[in-house]
Amino acid sequence: MKTFSDKVYAVVKNIKRGKTLTYKQVANLVGSPKAYRAVGNILNKNYNQNIPCHRVTRSDGAPGGYNRGRKLKVQRLKEEGARL
DNA sequence: CATTTGACGCCAA
DNA sequence: TTTGGCGCCAAAT
């Protein structure tokens, strides 16, 4: 299945440790720079453990949201040494 | 099938 | 600088 959501998963899963991408960047990589909305929506409904969605942040520098609590997200990013 | 929602982004005031 | 409003996409209701 090669749908928009699958591409999003692929991109997010492809994020390496210590690397962070913004929703806009992900949307741009999947081929729809304006689908940033959908990116967040897809990750939100598909909170998957095998997908490092905590490495996807907002362009404003805010961590954004998370399905298990933003604190955890920020904590993980800090531990991984991800920089914005 | 139509409408609403959502972890957003950018621009104008 | 902060707030408000608009635009866009996919999935859920």
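Below, chains carry the letters A, B, ... as their sequence lines are ordered, and counting in each starts from 1.
Note on A:Arg58: a side-chain N or O is less than 4.0 Å away from OP1 or OP2 of B:dG9.
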Show the atom names and distances, to 0.1 Å, of all donor-acceptor pairs under 3.5 Å that link a side chain in residues 5-13 of chain A to residues at least two apart or in another chain.
{"unit_1": "A:Ser5", "atom_1": "OG", "unit_2": "A:Thr3", "atom_2": "OG1", "d": "3.0"}
{"unit_1": "A:Asp6", "atom_1": "OD2", "unit_2": "A:Thr3", "atom_2": "N", "d": "3.4"}
{"unit_1": "A:Asp6", "atom_1": "OD2", "unit_2": "A:Thr3", "atom_2": "OG1", "d": "2.6"}
{"unit_1": "A:Tyr9", "atom_1": "OH", "unit_2": "A:Asn46", "atom_2": "OD1", "d": "3.2"}
{"unit_1": "A:Tyr9", "atom_1": "OH", "unit_2": "A:Asn46", "atom_2": "ND2", "d": "2.5"}

Pair up each side-chain donor or acceptor in residues 26-34 of chain A with any protein partner under 3.5 Å, not counting sequence neighbours, and list the distances.
none

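Closest of all the heavy-atom pairs between A:Lys73 and A:His54 is CE-O, 3.3 Å. The heavy-atom pair separating A:Ser59 from A:Thr22 by the smallest distance is CA-CG2, 3.8 Å. Across all their heavy atoms, A:Ala35 and A:Phe4 have their closest contact at CB-CZ, 3.0 Å. Residue A:Ala62 comes nearest to A:Thr57 through the heavy atom pair O-CB, 3.9 Å, listed as atom of the first residue, atom of the second, then distance.
Contact annotation: the side chain of A:Tyr47 never approaches that of A:Cys53 to less than 4.5 Å [non-hydrogen atoms, C-beta and beyond].
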When you compare the protein's N or O atoms with those of nucleotides 11-13 of chain C, which come within less than 3.5 Å of each other, and at what distance?
{"unit_1": "C:dA11", "atom_1": "OP1", "unit_2": "A:Ser5", "atom_2": "OG", "d": "3.4"}
{"unit_1": "C:dA12", "atom_1": "O4'", "unit_2": "A:Lys45", "atom_2": "NZ", "d": "3.1"}

Sub-3.5 Å pairs of nitrogen or oxygen atoms, protein against nucleotides 2-4 of chain C:
none

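Distance OG1/A:Thr20 to CZ/A:Arg55: 9.5 Å, rounded to 0.5 Å. Going from atom CD of A:Gln25 over to atom NZ of A:Lys19 covers 9.5 Å, rounded to the nearest 0.5 Å. Here the OH-CD1 distance, from A:Tyr23 to A:Ile42, works out to 11.5 Å after rounding to the nearest 0.5 Å.
To the nearest angstrom, C1' of B:dA7 lies 14 Å from NE2 of A:His54. Between the CG atom of A:Leu29 and the P atom of C:dC9 there is a distance of 17 Å, rounded to whole Å. Atom-to-atom, CG of A:Leu72 to P of B:dA7 comes out at 17 Å; the value is rounded to the nearest Å. A:Tyr23 has its OH atom 15 Å from the C1' atom of C:dC9, to the nearest Å. What separates OH of A:Tyr9 from C1' of C:dA10 is a distance of 10 Å, to the nearest Å. When the P atom of C:dA10 is taken as reference, atom NZ of A:Lys34 falls 12 Å away, rounded to whole Å.
The side-chain hydrogen bond (donor to acceptor under 3.5 Å, both in side chains) search around A:Asp60 returns A:Arg58, not counting sequence neighbours.
Judged by atom type and distance alone, A:Tyr36 reaches the base of C:dG7 through a side-chain donor-acceptor pair under 3.5 Å.
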Please convert DNA chain C into dot-bracket. A pair counts if it is Watson-Crick or G-U wobble with both distances under 3.5 Å; crossing pairs go in [ ] and bases paired with another strand get |.
.||||||.|||||
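Taking every side-chain heavy atom of A:Ala38 into account, C:dA10 is the closest of C:dA10, B:dA7, C:dC8.
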